[in-house]
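To start, the structure under review is shown below, and the notes come after it.
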Amino acid sequence: RFPDPSETFVLRELNAVQRRDGVEAELFVLFPPKNPFVHPEAERWVARAHRVSSGAAALGTLWWLAHRPLRMTGSLASVLAGHWRKPSRLARALLASASAAAHARTMRRLEIEHVHAHFATYPALAAWLAGRLLDVPYTFTAHAHDIYIDQLHLRTLVREAKVVAGISEFNRAFLAPYAAGSATPVELVRCGVEPAAYAFRPRALPASGPVRAITVATLNELKGHTVLLDALASGGEDLERVQLDLVGSGPLEPALRAQVARLGLEQRVRFHGTRSEDEVARMLNEADVFVLASVVTASGWMDGIPVALMEALAAGLPVIASRLSGIPELVRDGETGLLALPGDPADLARAFTRLLADPDATIARARAGRRLIQQEFDIERSADRMLQMFGVSASDAAEAASARAG
C-alpha cells in the first residue's frame, strides 16, 4: 500500500535511491491505502505511483496468458501450491498476482531492469511474478510481520531472488534456512534515517519535576502500549513524574483511552494522532525520554527494528525498548539505551527507575547512540547497499546518466 504513514522507512529508501545519478525509480502499488494521511515527502510519489484497477488486473493476466502462457500458468500454479492451506491468504495472493501481471506490462513498456519489493508477502510475490514474466532479476527486503507470522511461499520467493535483504542480523539468521541449497545470498541491509534531519541534543533527565516521555508508534497490539500504561500506573515516586505523549493512530485507540481512564492517567497521558515527520522531529527534540514497549503477539508478530527508535537515538534521546527480535542490535543495553523484557510491566517500570536514578548517564548513551546511527543506520549507506544488491555500481550509474544526457 502507498502511501502509508507508518512506513516512512520505505519512502526514505526510495528517495535515497532516486537521488543517485543514473538511477531512475518507479513506484508500483498493489492495494489502495488505508490511512488518508500523506507525509509531505510522499506527495510527489503519490501522483506518479503506478496503480491498477480490477479490470486492468484481469486484462493483464489474460495478456500474459496469451503471450507467455507457460510462464504465467506455471507461476499461478506455484502461487496456488504455496497458499492453498490458507484460503484467505490465497485469495489475496491471487489478487496481488493479477495486479503484478498488469504492472509487468507497464514495466515492459518502461524497460524496467530490476524489481525490488519491501515485505516478503504480497509485494515480494508481485516482484517475483513480474521478474518471471519479464526475465529480469528481483530482490526483496524482509522486515517483521512478513516473515514471523507465517512463511507461505517464502522458500520459493527466497530461492528464486537475486538477493534477499534482512533489516537485522536476527532477520538474516531467520531467512538463511530458506535460502539453503540455492545461489541466493541473504544480506544485511539496514533501514535508516537521515541523521542531519534530527537536531542532536544529548540530554540529562531533569532531577525533579515532570519527565516527558514520548512513544511514536501505530496504536496496535504489537507496540505494547497496554504494557507501558500499566508500568506507568504501577506506582513509585519516580514513575509518577513521567508524563507520556502518544504519537500515532490505530485500531487500539479506543481501548487505550479506556485503559488510561481506568488507571487514572488522564492528566499524564496525551494522544496526538498521526503527525508529519517534521512534527515528530520537533516533538522528539522537546521530549526527555523515548520509550517503545514492543511485544510478541499471540500470532508470533513482533517488531523488526522500529525506525522510531533510530529517530530517537539520532535526536539524542534516552531510549527504553524491549529485548526482542533485532532491537538489541540498535538499543544496546547500557550502551545506547536500556532494554526491558517484552510484555512485562514490572520490568519496564524497573528500566524507568534505572534511567531516572542516573540521569547523567544518558549523555554518554546518547553520544554512543548517535555514532551507531551514523555508522550503521544512515539511509545513504542503506541506499548504497541496496544498489549493490541490484548490481549497480557508482560507475555504472554515472555512465547511464551520461548516456541519457548525451
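For this chain, numbers begin at 1 and follow the sequence in order. Since the structure is predicted, the reported quantities are computational estimates derived from the model, not experimental observations. For the numbers below, each heavy atom of this structure counts, side chains included, while hydrogens, waters and symmetry mates do not.
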Practice item. Please examine the side chains of L133 and R71, heavy atoms only from C-beta on, and report whether any two atoms are closer than 4.5 Å. Key: yes
Exercise for review: Output yes when R268 and E240 qualify as a salt bridge under the 4.0 Å nitrogen-oxygen rule, no when they do not.
Suggested key: no
Exercise for review: If a pair satisfies side chain to side chain donor-acceptor pair (under 3.5 Å) and one of its residues is in residues 95-104, list it, with sequence neighbours excluded.
Suggested key: none
Practice item. Could you tell me whether R381 and D384 have a side-chain N and a carboxylate O separated by less than 4.0 Å? Key: no
Check your understanding: Does the side chain of L94 come within less than 4.5 Å of H83's, by heavy atoms?
Key -> no
Check your understanding: So how far is it from R367 CZ to T336 OG1, rounded to the nearest 0.5 Å?
Key -> 15.0 Å
**Study point:** Greater than 12 external heavy atoms within 6.0 Å of R51's CZ
**Key:** yes
Review point. Is the count of non-hydrogen atoms from other residues, nucleotides or ligands lying under 6.0 Å from R1 atom CZ greater than 12?
Key: yes
Review point. Hey, what do you get for CZ (R365) to CG (L317), rounding to the nearest 0.5 Å?
Key: 13.0 Å
Practice item. Given side chain to side chain donor-acceptor pair (under 3.5 Å), test S6 with D4 step by step and report yes or no. Key: CA-CA 5 Å; S6 69; D4 188 323; 2.8 Å; yes
Point to revise | NZ/NE/NH1/NH2 to OD/OE distance under 4.0 Å, R212 and D288 | key: no
Study note, to complete from the structure: Taken in chain and number order and not counting sequence neighbours, the residues that satisfy side chain to side chain contact (heavy atoms under 4.5 Å, CB included) with L313 are V319, L330, I373
Review point. Has E376 got more than 12 heavy atoms of other residues, nucleotides or ligands less than 6.0 Å from its CD?
Key: yes
Exercise for review: Fit a plane to each ring of H153 and W128, take the angle between them on a 0 to 90° scale, and name the class: parallel (under 30°), tilted (30 to 60°) or perpendicular (over 60°).
Suggested key: perpendicular
**Study point:** Min side-chain heavy-atom separation L110-H50 under 4.5 Å
**Key:** yes
Check your understanding: Tell me, do L348 and V291 make a side-chain contact under 4.5 Å, heavy atoms counted?
Key -> yes
Study note, to complete from the structure: So the side chain to side chain donor-acceptor pair (under 3.5 Å) pairs with at least one residue in residues 110-119 (sequence neighbours excluded) are E13-H118, H114-T139, H116-T139, H116-T141, H118-H143
Check your understanding: Taking only residues two or more places apart in sequence or in another chain, which ones pass side chain to side chain donor-acceptor pair (under 3.5 Å) with W64?
Key -> none
Point to revise | Pair E311 + R12: basic N to acidic O under 4.0 Å | key: yes
Review point. Relative to the ring of F140, is the ring of Y138 parallel (under 30°), tilted (30 to 60°) or perpendicular (over 60°)?
Key: parallel
Practice item. Kindly state each residue pair satisfying ring-ring contact (aromatic ring centres under 6.0 Å, His included) with at least one member in residues 173-193, sequence neighbours excluded. Key: Y148-F174
Exercise for review: Could you tell me whether E380 and R20 have a side-chain N and a carboxylate O separated by less than 4.0 Å?
Suggested key: yes
Point to revise | Residues which pass side chain to side chain donor-acceptor pair (under 3.5 Å) with E187, listed by chain and number, not counting sequence neighbours | key: none
